[in-house]
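Please read the structure below before turning to the comments.
None of the values given here were measured: they were computed from a predicted structure. All residue numbers in this chain count up from 1 along the given sequence.
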Amino acid sequence: MRSITTLDLQYAHRFYKFKGEAQYLHGHSGLLTIEVEDTINDGVNMVFSM
């Protein structure tokens, strides 16, 4: 079984006591894709490590 999900992330931060542009609050956006795959344990119908 394989499960894939993609998250669209929006986040902001600043660097405290930093000299330069990053001292001010600014934002970023990004995509995070996670894929997991394994076999299904018969009788339990769940995927887990043995």
Study note, to complete from the structure: For F15, the other hydrophobic cluster members (4.5 Å side-chain criterion, sorted by chain and number) are F18
Point to revise | Partner set under salt bridge (charged side-chain N to carboxylate O under 4.0 Å, His left out) for E35, not counting sequence neighbours | key: R2
Review point. Can you get from Y11 to L7 by hopping between Ile, Leu, Val, Met, Phe, Trp and Tyr side chains that sit under 4.5 Å apart?
Key: yes
With a cut-off of 3.5 Å and sequence neighbours excluded, list every side-chain donor-acceptor pair involving residues 21-34.
from : atom 1 : to  : atom 2 : distance (Å)
Q23  : NE2    : G20 : O      : 3.3
H26  : ND1    : H13 : O      : 3.3
H26  : ND1    : Y24 : O      : 3.0
H26  : NE2    : H13 : NE2    : 3.4
H26  : NE2    : H28 : NE2    : 3.3
H28  : NE2    : H13 : NE2    : 3.2
T33  : OG1    : T6  : OG1    : 3.2

